[in-house]
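Beneath this line is the structure, given in structure tokens, with notes to follow.
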Amino acid sequence: MKNVAILGSTGTIGRNTLDVIRRHRRDFRVAALAAGANSRLLEEQVREFRPGLVSLESAEDAAAFRRAIRIRGLRVLAGLEGAAEIGGGPESDVVVSAITGINGLQPTLAAVRAGKTVALANKESMVVAGPLLRAEAAASGATIIPVDSEHSGVFQCLGGGNRPHVKKVTLTASGGPFFRTPLRELKSKSVAEVLAHPRWKMGRKVTVDSATLMNKGLELIEARGLFDLEPGELDILIHPQSIVHALVEMRDGSVLAQLSPTDMRFPIQYALTWPDRCDSGLPPLDLARVGTLEFHPLDVRRYPLITLALRALRAGGSAPVALNAANEVAVEAFLAGKIGFLGISDVVHAALDRHAPSRIRGLEDIQEVDRRTRERTLRIIRQKA
């Protein structure tokens, strides 16, 4: 039996992870849960799965949770420090890293330094700290297994294969809700329209990133870190059906593909059971029913943030940190009604143009670049208002 800690247990990935565990109680035990502010859902999870350790985002919520739940032996922590203690603590063998955004980095780094098997759903950690995470994993013996469906697809295609035989890795993208929308109509798209993803049910920030395709830009940077790829070995295809998650072209011309239904429980279960596999109990893929699989080239006029992501990918160093920070601030401003949909790419572009690239030597450098970029991006938004 594997002991599992979940960072971000009340989010989409966290809830799906608990459903996988619910289906395989003989194989997994929930050891610890870290949540944000959704204390009501966390209480339901605690009462069902009985972890010995939990954490909430704020000290106030943690104190209220202690008073409300009254389960003997349950430790309740708070803040990023609490999540990091869960990530690196001795309670778990496997840590599912699913806290959204840059906040997931510190707990993920703690898990890697502790030599855990890390099921990585927090793409931002690998985007901003790929070299650092790889170095720490090499030192501690940690194993990082991707949970994003596309990176899980690449991981599965490369299983047992030789990295030198790979010519190109292609990640697929659904295209989001506006793949077929006339370009002239994008400017007026509302928050509700942006959040209406045609294929996946995700958190608000990730759903916005899917509409702008910034999620795929971040995933290109993540893929470089996960699989030691060069920028020229990475590509994107629009695939509206979201059935083929990744394609790996080998040097002899063969192309390997990983296919599965649009259900995040498939890659989550694979990360938890790796290197083994077991019956998921989920409906299998029925290609006859799917009928048609479409693939389209990427149009950067529709998705201008991809150009910025490629720029950061090639530059390396602090550029991915600045890209991620600017995008997080811009998406938050869009969701708050402060800028329009196309304003997201305008703001990120301006922030990246004003960023002076630098070398990243450790966590402190990442935090400093992140802080300065957020301040700069907020000033840009105020100037545009």
Side-chain angles (χ1 to χ4, degrees), residues 80-81 83-84 87-88 97 99-115 118 120 122-144 146 148 151 163 169 171 209 214-234 304-331 345 347-380:
L80 281 181
E81 295 77 12
S97 172
I99 295 175
T100 302
I102 191 69
N103 285 340
L105 174 57
Q106 187 176 334
T108 301
L109 186 57
V112 171
R113 284 174 170 166
V118 179
L120 185 65
N122 170 254
K123 63 173 63 69
E124 291 84 358
S125 291
M126 189 60 71
V127 167
V128 305
L132 176 62
L133 287 174
R134 290 197 306 272
E136 294 287 354
S140 69
T143 300
I144 300 174
D148 273 345
H151 298 101
R163 167 65 187 84
V169 166
L171 307 180
D209 283 349
M214 176 57 99
N215 68 324
K216 214 54 52 177
L218 296 175
E219 286 171 12
L220 286 179
I221 301 171
E222 182 184 6
R224 182 180 192 180
L226 284 168
F227 307 114
D228 192 26
L229 297 163
E230 294 301 321
E233 297 173 317
L234 291 162
L305 281 174
I306 286 294
T307 302
L308 300 178
L310 290 172
R311 175 174 150 191
L313 172 67
R314 297 185 185 105
S318 63
V321 184
L323 175 78
N324 180 73
N327 181 66
E328 286 192 11
V329 173
V331 169
S345 58
V347 166
V348 176
H349 198 158
L352 208 59
D353 279 350
R354 299 178 195 183
H355 173 69
S358 60
R359 182 183 173 192
I360 296 294
R361 291 162 294 189
L363 182 60
E364 295 76 15
D365 289 346
I366 294 170
Q367 292 171 333
E368 178 63 17
V369 171
D370 179 79
R371 182 190 63 78
R372 286 191 278 108
T373 303
R374 288 174 187 275
E375 292 175 351
R376 183 183 305 117
T377 307
L378 285 170
R379 288 196 298 271
I380 292 169

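Quick caveat, the model's predicted, so the values are computed rather than measured.
Looking at Glu368 and Arg371, a side-chain N of the basic residue comes within less than 4.0 Å of a carboxylate O on the acidic one, giving a salt bridge.
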Item checked: Check against side chain to side chain contact (heavy atoms under 4.5 Å, CB included), Leu132 and Ile360 -> CA-CA 9 Å; Leu132 176 62; Ile360 296 294; over 6 Å; no
Item checked: Residues Leu220, Lys216; criterion side chain to side chain contact (heavy atoms under 4.5 Å, CB included); working and verdict -> CA-CA 6 Å; Leu220 286 179; Lys216 214 54 52 177; 5.5 Å; no
Notebook entry, point to check: Stepwise, does the side chain to side chain contact (heavy atoms under 4.5 Å, CB included) test hold for Leu105 with Leu363?
Noted result: CA-CA 9 Å; Leu105 174 57; Leu363 182 60; 3.6 Å; yes
Next item on the list: Report the C-alpha separation of His355 and Val369 in whole Å, then their side-chain angles, then the decisive distance to 0.1 Å, and conclude whether the side chain to side chain contact (heavy atoms under 4.5 Å, CB included) test is met.
Entry: CA-CA 9 Å; His355 173 69; Val369 171; 3.8 Å; yes
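Formation of a donor-acceptor pair under 3.5 Å by the Ser140 side chain with backbone atoms of Val112 is found in this model. Looking only at distances, a side-chain donor or acceptor of His151 sits under 3.5 Å from a matching main-chain atom of Glu219. Distance alone, capped at 3.5 Å, is enough to place a donor-acceptor pair between the Arg134 side chain and the Gly225 backbone.
Note that the OG1 atom of Thr307 and the CG atom of Leu305 stand 8.5 Å from one another [nearest 0.5 Å]. To the nearest 0.5 angstrom, Asp148 atom CG is 8.5 Å from Asn215 atom CG. In this structure, OG1 on Thr108 lies 11.5 Å from CZ on Arg113, to the nearest 0.5 angstrom. In this structure, CD1 in Ile221 is found 8.5 Å from CG in Asn324, a value given to the nearest 0.5 Å. To the nearest 0.5 angstrom, Leu218 atom CG is 6.0 Å from Leu323 atom CG.
With sequence neighbours excluded, no residue satisfies side chain to side chain donor-acceptor pair (under 3.5 Å) with Arg354. Partners of Glu81 according to the salt bridge (charged side-chain N to carboxylate O under 4.0 Å, His left out) rule, which considers only residues two or more places apart in sequence or in another chain, do not exist here. With sequence neighbours left out, the salt bridge (charged side-chain N to carboxylate O under 4.0 Å, His left out) criterion links Glu124 to Lys205. Partners of Arg374 according to the side chain to side chain donor-acceptor pair (under 3.5 Å) rule, which considers only residues two or more places apart in sequence or in another chain, are Glu328, Asp370. Applying the side chain to side chain contact (heavy atoms under 4.5 Å, CB included) criterion to Asn103, with sequence neighbours excluded, gives Leu80, Ile99. For Ser358, the side chain to side chain donor-acceptor pair (under 3.5 Å) partners at least two apart in sequence or on another chain are Ser318.
Contact check for Leu133 versus Val118: no side-chain heavy atoms found under the 4.5 Å cut-off. In this structure, the side chains of Met214 and Val331 stay at 4.5 Å or more apart for every pair of heavy atoms. Side-chain contact between Val321 and Arg372 is absent, with no heavy-atom pair separated by less than 4.5 Å. By the 4.5 Å heavy-atom criterion applied to side chains, Leu378 and Val329 are counted as neighbours.
In plain terms, the two heavy atoms of Leu352 and Leu308 that are nearest each other are CD2-O, 3.9 Å. When all heavy atoms of Ala137 and Ile144 are compared, the closest pair comes out as CB-CD1, 4.3 Å. Of all the heavy atoms in Thr373 and Ala326, the pair that sits closest is CG2-N, 3.8 Å. Nearest approach of Gly104 to Ser97, heavy atoms of both residues: O-OG, 4.3 Å. Heavy atoms only, all atoms of each residue included: Ile306 and Gly217 are closest at CD1-N, 3.6 Å. Residues Ala351 and Thr377 approach most closely at CB-OG1, 3.6 Å, considering heavy atoms.
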